[in-house]
Amino acid sequence: MSTTLLGIVDDRALGTSMRLVVTRPAKLDAARAAAGTIIRAIDETASRFRHDSELSRLNQVPGRHIRVSPLLAQALAAGLRGARLTGGAVDPTVGTAVRLAGYDRDFASIPADGSPIQLDVSTVPGWKAIEFDEAARTVYLPHGVEIDLGATAKALAADLAASAAFEAIACGGVLVSLGGDIAVAGEPPLEGWAVQVSEDSSARIEEGQETVSIQTGGIATSSTTVRRWTRGGVVLHHIIDPSTGLPAAGPWRTATVVAGSCVDANIASTAAIVMGDWAIPWLKASGLPARLVDHDGTVHRVSGWPQPDTSPSSNS
Ligand code: ADP
Ligand code: MG
């Protein structure tokens with residue numbers, strides 16, 4: 001089968017790797033400019049690690065009705081959509097719990113090892129504590145509620161960047177990957193967008209690895225294997241079970257999900273880690289193909305996720 005000639009650029013954004021792919025290589029620069037603009041805007045708006053971001057400023061003024069920008073309103077709506085769709089397994093009020101577990105700054109600056117910390121089991125405040133009027137763009141956070149949009153803002157950035165890049169070039173197709181959270185827009189390559197499935201988004205792209213092909217929407221991976229650290233000999237990671245306020249302790253170390261947008265894929269991948277065994281019936285009921293990896297590395301493909309093609313010609 002002939003393959004489409006692609007234009008590809010690699011960069012860093014939102015504290016992770018970024019890859020932009022277009023099917024019209026001559027349009028790469030225009031697509032990159034458009035994608036870069038929206039990704040920078042998400043960073044300035046919804047980053048928890050920037051003290052000057054609009055989200056950080058919102059978290060500092062509980063107990064007041066605050067009018068937010070259209071982009072923060074969109075990011076909050078995505079976070080609350082995640083909570084609604086998952087019965088609160090994805091919950092943007094995990095902010096304090098994530099910080100207390102030790103993930104209080106950009107991951108690259110978190111010491112891998114350290115002395116013991118005391119973590120108390122307590123449910124997070126819960127997404128229903130957030131008063132959000134989407135039409136008026138007003139938010140009210142009760143005292144003690146800290147919002148973290150880590151699970152949805154990066155995926156939203158991928159969705160918005162792919163759409164913006166496609167609008168800017170008005171032809172062909174675009175793929176945007178932000179640390180493995182991938183969104184596509186426009187017309188896919190003839191063979192579809194072949195995405196290498198990996199537990200670590202920094203893994204090299206090479207032949208012989210499992211790939212999955214998508215035409216539209218997005219794909220996202222949540223994993224407890226990369227963003228993890230040790231305190232007093234106890235391994236901690238960055239995905240919080242809202243019912244305990246502690247790093248999720250379920251059977252999956254990695255979840256990859258395909259959905260109609262990168263936001264929905266990421267909502268489901270984060271939820272799968274939190275839900276544990278319940279993720280399988282939930283993914284099936286939601287009709288979302290998923291690949292779950294348990295702690296001993298066994299792969300479970302559910303809800304129509306394709307079996308890997310092991311034929312000798314599969315990489316030609
Ligand atoms: P990955 O970074 O592996 O792609 P996710 O997309 O699931 O993982 O995002 C994890 C991030 O989301 C965490 O770093 C934290 O900021 C936030 N988070 C952690 N637990 C939850 C949760 N239960 N609901 C919503 N956000 C969460
Ligand atoms: Mg993710």
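Just follow the structure's listing: the first ligand is 1, and inside any ligand the first atom is 1.
- Counting heavy atoms from C-beta outward, Arg231 and Leu119 have side chains that stay 4.5 Å or more apart.
- Using a 4.0 Å heavy-atom criterion, the residues that approach ligand 1 are Ala89, Val90, Asp91, Val94, Tyr103, Asp148, Gly150, Ala151, Thr221, Ser222, Ser223, His238, Ile239, Ile240, Pro242, Asn266, Thr270, Val274.
- Judged as a side-chain hydrogen bond (donor to acceptor under 3.5 Å, both in side chains), and not counting sequence neighbours, Arg84 has no contacts.
- Listed by first and then second residue, the ring-ring contact (aromatic ring centres under 6.0 Å, His included) pairs involving residues 142-199 amount to none (not counting sequence neighbours).
- One of the N, O or S atoms belonging to Asn266 lies under 2.8 Å away from the Mg ion (ligand 2).
- The backbone N or O of Lys154 sits nowhere less than 3.5 Å from a side-chain atom of Asn266 that would complete a donor-acceptor pair.
- Under a 4.5 Å side-chain heavy-atom cut-off, the cluster of Ile, Leu, Val, Met, Phe, Trp and Tyr residues that includes Val293 is completed by Val299.
- Asp43 has its side chain within reach of Arg50: a pair of non-hydrogen atoms, C-beta onward, lies under 4.5 Å apart.
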